[in-house]
**Student:** 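Attaching a single structure in structure tokens format; questions to follow.
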Amino acid sequence: MSEVKQLDFEGNHREPPRLPPEPDSPPYCSDPECGETTEEVCEACGQPLCDNCECTSCVRCACCEGLATREYHETRGMVGDFGSEYAGQPLCETCYCEARIAAAISFSDDSEYPAYITDTRNDTEGAFTVRWVSTDAWRGHYRADSETWEQVHNDCALAYSRDEQNLASFDELLRGLLDGHGIPWARVICGTSNVFSAGYELWIPKDRRADYDGLIDEAKQVAEKELRDPADFTTTALTGKDPEDCDDEDRLFAAVGSVILAGSR
């Protein structure tokens with residue numbers, strides 16, 4: 001089509017009117033900036049659309065890049081939550097509701113119903129955010145961040161082990177101490193690339209740190225010595241066995257492995 005512009009009565013440039021396509025010829029692309037004829041159509045609304053044009057009548061999901069009509073988006077579509085990776089961006093219902101959970105956060109004032117954070121949702125309304133920490137090309141873990149809360153313990157749960165039971169006892173004891181002194185807490189369970197482990201983080205409001213240091217920290221250190229033995233944790237993590245079930249070969253393997261891992265940091 002000709003690139004020649006026409007002037008209206010006020011001297012402004014405007015596009016020349018489109019002539020109807022010739023009989024039996026393909027229709028014009030629905031993008032008003034295009035003007036080419038095409039035999040292709042938009043996969044969502046069925047309007048004529050060139051391969052190089054974006055349908056102006058549809059909305060593209062920022063996550064899966066699927067197209068949906070504006071009517072669908074306005075009635076059933078979603079927008080990424082504040083504090084999520086796709087905050088403010090259009091999303092289809094599936095991507096918003098079924099994204100992989102990065103973290104589950106239980107608050108002391110409503111611990112029965114965890115708040116979830118995914119790539120598209122953030123039930124904490126931005127009080128917490130998460131980021132992926134890569135350890136190599138295939139492995140890594142999520143880690144929480146917050147501007148108003150402060151982390152007081154960071155750990156890892158090893159599924160189906162005595163260490164996991166010890167961590168559960170430690171968590172119950174520490175949360176009980178916080179509850180007893182009226183200090184709010186948030187327990188954050190973060191996903192990892194290992195289906196048999198999960199990150200454990202305990203947070204308190206930043207403005208209660210002084211109360212925590214004066215009332216809780218010493219008791220926490222005593223409990224850590226009993227329940228969070230780093231040697232036992234490393235042995236279980238490297239062998240998959242509880243320490244009492246390990247033989248001399250397992251213990252030697254764990255000792256050498258811990259030295260190698262410490263040297264790589």
Side-chain angles (χ1 to χ4, degrees), residues 80-87 99-135 139-159 161 163-230 232-234 237 265:
D81 289 351
F82 172 74
S84 71
E85 181 179 345
Y86 290 93
R100 181 175 66 169
I101 295 174
I105 303 173
S106 299
F107 292 93
S108 54
D109 60 354
D110 190 18
S111 59
E112 186 177 353
Y113 300 100
Y116 295 105
I117 299 179
T118 72
D119 291 341
T120 60
R121 287 172 49 197
N122 190 324
D123 296 341
T124 72
E125 298 181 349
F128 283 88
T129 58
V130 295
R131 54 191 171 90
W132 177 254
V133 179
S134 178
T135 53
R139 292 172 293 185
H141 59 275
Y142 286 101
R143 179 175 295 169
D145 292 302
S146 178
E147 294 184 357
T148 56
W149 293 74
E150 182 171 349
Q151 185 185 111
V152 293
H153 189 74
N154 179 30
D155 217 312
C156 180
L158 303 176
S161 70
D163 184 82
E164 181 187 36
Q165 299 169 8
N166 288 344
L167 178 57
S169 298
F170 177 79
D171 167 66
E172 185 176 358
L173 183 150
L174 189 53
R175 288 188 294 110
L177 290 171
L178 292 169
D179 288 337
H181 291 90
I183 301 176
W185 50 263
R187 181 179 59 192
V188 183
I189 305 299
C190 291
T192 76
S193 56
N194 185 339
V195 296
F196 293 105
S197 70
Y200 166 94
E201 302 173 4
L202 195 65
W203 297 67
I204 62 171
K206 286 186 175 181
D207 58 7
R208 300 301 299 272
R209 182 69 202 221
D211 296 334
Y212 173 88
D213 289 340
L215 301 170
I216 307 297
D217 191 49
E218 185 175 348
K220 176 200 169 186
Q221 293 178 30
V222 173
E224 278 186 293
K225 291 179 181 179
E226 178 183 356
L227 297 171
R228 306 309 303 141
D229 187 329
D232 286 352
F233 175 87
T234 301
R265 293 172 185 164

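Just so it is clear, the structure is predicted and the values come from calculations on it, not from any experiment.
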**Student:** To the nearest 0.5 Å, how far apart are CG in Asp155 and CG in Leu167?
**Tutor:**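 Answer for the CG-CG pair, Asp155 versus Leu167, is 5.0 Å.
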**Student:** About how many Å separate CG of Leu227 and CG of Leu173, when rounded to the nearest 0.5 Å?
**Tutor:** 7.5 Å
**Student:** Using side-chain hydrogen bond (donor to acceptor under 3.5 Å, both in side chains), reason through Tyr86 and Arg121 one step at a time and then give a plain yes or no.
**Tutor:** CA-CA 8 Å; Tyr86 290 93; Arg121 287 172 49 197; over 6 Å; no
**Student:** How far apart are the closest heavy atoms of Ala144 and Val188, and which atoms are they?
**Tutor:**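 Of all heavy-atom pairs spanning Ala144 and Val188, the closest is CB-CG1, 4.0 Å.
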**Student:** Show the nearest heavy-atom pair for residues Ala115 and Phe107, with the distance to one decimal.
**Tutor:**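 So the minimum-distance heavy-atom pair works out to CB-CE1, 4.2 Å.
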**Student:** Within the 4.5 Å heavy-atom criterion, are Leu158 and Phe233 side-chain neighbours or not?
**Tutor:** yes
**Student:** Any heavy-atom pair between the side chains of Lys225 and Val222 that's under 4.5 Å?
**Tutor:**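 When only atoms from C-beta onward are counted, Lys225 and Val222 do not touch, as no gap falls below 4.5 Å.
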**Student:** To the nearest 0.5 angstrom, please state how far the OG atom of Ser108 sits from the CG atom of Asp179.
**Tutor:** 6.5 Å
**Student:** Okay, side chain of Thr234, backbone of Pro230: is any donor-acceptor separation there less than 3.5 Å?
**Tutor:** yes
**Student:** State, without any angle test, whether Ser197 and Thr192 hold a side-chain donor-acceptor pair at a distance under 3.5 Å.
**Tutor:** yes
**Student:** Between Ala127 and Thr148, what is the shortest heavy-atom contact and its length?
**Tutor:** O-OG1, 4.3 Å
**Student:** Under 4.5 Å between any side-chain heavy atoms of Leu178 and Ile216, yes or no?
**Tutor:**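 Leu178 reaches Ile216 side chain to side chain.
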**Student:** What closest approach, in Å, do Ser146 and Trp149 show between heavy atoms, and which atom pair accounts for it?
**Tutor:** OG-N, 3.1 Å
**Student:** Side chains of Tyr200 and Asp171: do they bring a donor and an acceptor to under 3.5 Å?
**Tutor:** yes
**Student:** Can you label the angle between the Phe128 ring and the Trp203 ring as parallel, tilted or perpendicular, going by 30° and 60°?
**Tutor:** perpendicular
**Student:** Without hydrogens or angle criteria, can the side chains of Thr124 and Asn122 be said to hold a donor-acceptor pair below 3.5 Å?
**Tutor:** yes
**Student:** Take atom CD of Gln221 as the centre, draw a 6.0 Å sphere, and report whether it contains more than 12 heavy atoms from other residues, nucleotides or ligands.
**Tutor:**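 Counting other residues, nucleotides and ligands, CD of Gln221 exceeds 12 neighbours.
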**Student:** For a 4.5 angstrom cut-off between non-hydrogen side-chain atoms, does Val152 reach Arg209?
**Tutor:**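 They are in contact (side-chain heavy atoms under 4.5 Å apart), so the answer is yes.
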**Student:** Would Gln151 and Leu202 satisfy side chain to side chain contact (heavy atoms under 4.5 Å, CB included), going step by step from the backbone distance to the final call?
**Tutor:** CA-CA 6 Å; Gln151 185 185 111; Leu202 195 65; over 6 Å; no
**Student:** Does a side-chain heavy-atom distance below 4.5 Å link Val130 with Arg143?
**Tutor:** no
**Student:** Check Thr129 against Gly83 and note the closest heavy-atom contact, atom names and distance.
**Tutor:**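 So the two residues come closest at CG2-O, 3.6 Å.
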**Student:** Salt-bridge test for Arg208 and Asp211: reply yes if a basic N is under 4.0 Å from a carboxylate O, no otherwise.
**Tutor:** yes
**Student:** With rounding to the nearest 0.5 Å, note down the distance linking CG in Asp123 to CG in Asp81.
**Tutor:**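 The CG atom of Asp123 sits 7.0 Å away from the CG atom of Asp81.
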**Student:** Salt bridge or not for Glu150 and Lys206, using N-O below 4.0 Å?
**Tutor:**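 The answer is no: the pair does not qualify as a salt bridge.
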**Student:** For Ser193 and Gly140, indicate whether the former's side chain and the latter's backbone hold a donor-acceptor pair under 3.5 Å.
**Tutor:**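 Yes; judged by distance alone, with no hydrogens or angles, the pair exists.
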**Student:** Please report the interatomic distance CG(Asp110) to CD1(Ile105), rounded to the nearest 0.5 Å.
**Tutor:**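 Result: 13.0 Å between the selected atoms.
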**Student:** Got Tyr142 and Arg100 here, is their nearest side-chain heavy-atom distance under 4.5 Å?
**Tutor:**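 In short, these two side chains touch, coming nearer than 4.5 Å.
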**Student:** Ring-plane angle category for Phe170 and His153, please: parallel below 30°, perpendicular beyond 60°, tilted otherwise.
**Tutor:** tilted
**Student:** State the OG1-CG distance between Thr135 and Asn194, to the nearest 0.5 angstrom.
**Tutor:** 10.0 Å
**Student:** Given the rule in the ring pair (Phe, Tyr, Trp, His ring centres under 6.0 Å) test, do Trp185 and Tyr212 qualify, once you have shown the distances and angles that lead to the verdict?
**Tutor:** CA-CA 11 Å; Trp185 50 263; Tyr212 173 88; over 10 Å; no
**Student:** So which heavy atom on Cys190 is nearest to which on Glu201, and how close?
**Tutor:** SG-OE2, 4.0 Å
**Student:** How about CZ on Arg139, more than 12 heavy atoms from neighbouring residues, nucleotides or ligands closer than 6.0 Å, or not?
**Tutor:** no
